[in-house]
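Input: a single structure, listed below in structure tokens.
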Amino acid sequence: MATDRGRSAMDPPTGIGRTAIFMAYVRLLESRRPDRLFDDSLAEAFTDAVGFGDTAAAASPSEPAREEGTQTAWLETIDQLAIRTRFFDDYLLDAVLGGIRQVVIVAAGLDTRAYRLPWPERVRLFELDLPEVLDFKEKALAGRNAIPSCDRTAVPVDLTADWPATLAATDFAPATPTAWLAEGIFPYLSEAENDALLDGIGRLSPPGSRLAAEHLASHMLHSSSARWARDGLASLGLTWKSAVDDPEAWMGHHGWHSRSHLGSDPQSGYGRRLPSESADAPRGWLIRAWRD
Ligand SMILES: C[S@@+](CC[C@H](N)C(=O)[O-])C[C@H]1O[C@@H](n2cnc3c(N)ncnc32)[C@H](O)[C@@H]1O
């Protein structure tokens, strides 16, 4: 069905929103593995909605790049993203086990944790993302018998604008300890935008709140091993805009205690293939932070 803007009812997200489809595609691949680290059965709703072949083409390195030998980097990246997903699943379940009942997923994209995680009763979960991404998500999930296992609220926002005001207009409770998740967003914003985003999160985080996030290590912005990923983004008109080399200092500056490690840490790799030990290997930080 055509809309008055000429987009069809199931037009996929454009621009930065396309990265959300890439992530759904990765979760689909992981969910099909017999040794999967999680099961995202709804990921297929999104890849189906855009046409699987299109998604695969958008998500994988170009054929010339594959010929140049980046297949290994691609497979390592898939594993890294699966590890990251499971790491944040565990973080959120640990937070609710610890008594937190309010969760905010920043830049939620096509994340289906509201549906697939075994939430205890009375969990309220807010998903923040661009309006067109959340709109696509609703439409793609319609008819899929997708029932949240928590009290889910989608909050369309621009995270570089006054999103706290929009969140405040919902039944979000600012004085209640909250578990925040910022996955797959910091690399796409500038340092100044990330600091503003963290300031906004901080103002809404009383003692007892937690935050988990992911960010790139700075060599990813120029290393040869990550060139295929940067080229893939560039083909979509996108670029990584920032990275961090001391995430704990950064978090401390924003009033959080934290622990961080590289996604390639064997201790938390869930038994998956890890990138080579070369300094150039693709790496991202997994960060857990808290306020007491
Ligand atoms: C790489 S995806 C990650 C999505 C999800 N967290 C996941 O891991 O599957 C990046 C997400 O950030 C969202 N995003 C980027 N810039 C944004 C902005 N200024 N305001 C709101 N959302 C934004 C995109 O729409 C997209 O859904």
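All residue numbers refer to positions in the sequence shown, counting from 1. Just follow the structure's listing: the first ligand is 1, and inside any ligand the first atom is 1.
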Counting heavy atoms under 4.0 Å, the part of A108 that contacts ligand 1 is backbone
For V133, the ligand 1 atoms with a heavy-atom partner under 4.0 Å come out as 25 (O)
Return the closest protein heavy atom for atom 19 (N) of ligand 1 as residue, atom name and distance.
D158 OD1, 2.9 Å
Ring centres of W250 and F186 under 6.0 Å apart?
yes
Considering all heavy atoms of both residues, which atom of D158 and which atom of L130 are nearest to each other, and what is their separation?
CA-CD2, 4.2 Å
Of the choices G17, P187, A107, which has the non-hydrogen atom that lies closest to atom 12 (O) of ligand 1?
A107
Looking at K137 and E127, is there a salt bridge between them, counting it only when a charged N and a carboxylate O are closer than 4.0 Å?
yes
Should D129 be counted as touching ligand 1, given the test is an N or O pair under 3.5 Å?
yes
Could you state the interatomic distance from CD1 (I83) to CG (L286), rounded to the nearest 0.5 Å?
8.5 Å
Will you find, in the side chains of S242 and E191, an N or O donor that is under 3.5 Å from an N or O acceptor?
no
Would you indicate whether R227, at its atom CZ, is surrounded by more than 12 heavy atoms from other residues, nucleotides or ligands within a distance under 6.0 Å?
no
Can a side-chain donor-acceptor contact be found between D195 and H254 if the only test is distance below 3.5 angstrom?
yes
Which atoms from ligand 1 have a heavy atom of G184 less than 4.0 Å away?
1 (C), 2 (S), 3 (C), 10 (C)
Flag, side chain of T47 to backbone of Y25, donor-acceptor distance under 3.5 Å
no
Heavy-atom pairs closer than 4.0 Å: do any link ligand 1 to the side chain of I185, the backbone, both, or neither?
side chain
Can R27 be said to touch ligand 1, with heavy atoms closer than 4.0 Å?
yes
Residue-ligand contact V157/ligand 1, heavy atom below 4.0 Å:
yes
Can you name the atoms of ligand 1, numbered from 1 with element, that are less than 4.0 Å from a heavy atom of G109?
4 (C), 27 (O)
If only side-chain N and O atoms count, and only distance matters, is there a donor-acceptor pair under 3.5 Å linking Y91 with R210?
no
L159 N/O to ligand 1 N/O under 3.5 Å:
yes
Please state which protein non-hydrogen atom is closest to atom 23 (C) of ligand 1 and give its distance, to 0.1 Å?
L130 CG, 3.8 Å
Looking at E193, E183, K137, the heavy atom closest to atom 8 (O) of ligand 1 belongs to E183
Any nitrogen or oxygen of T19 lying under 3.5 Å from a nitrogen or oxygen in ligand 1? Just yes or no.
no
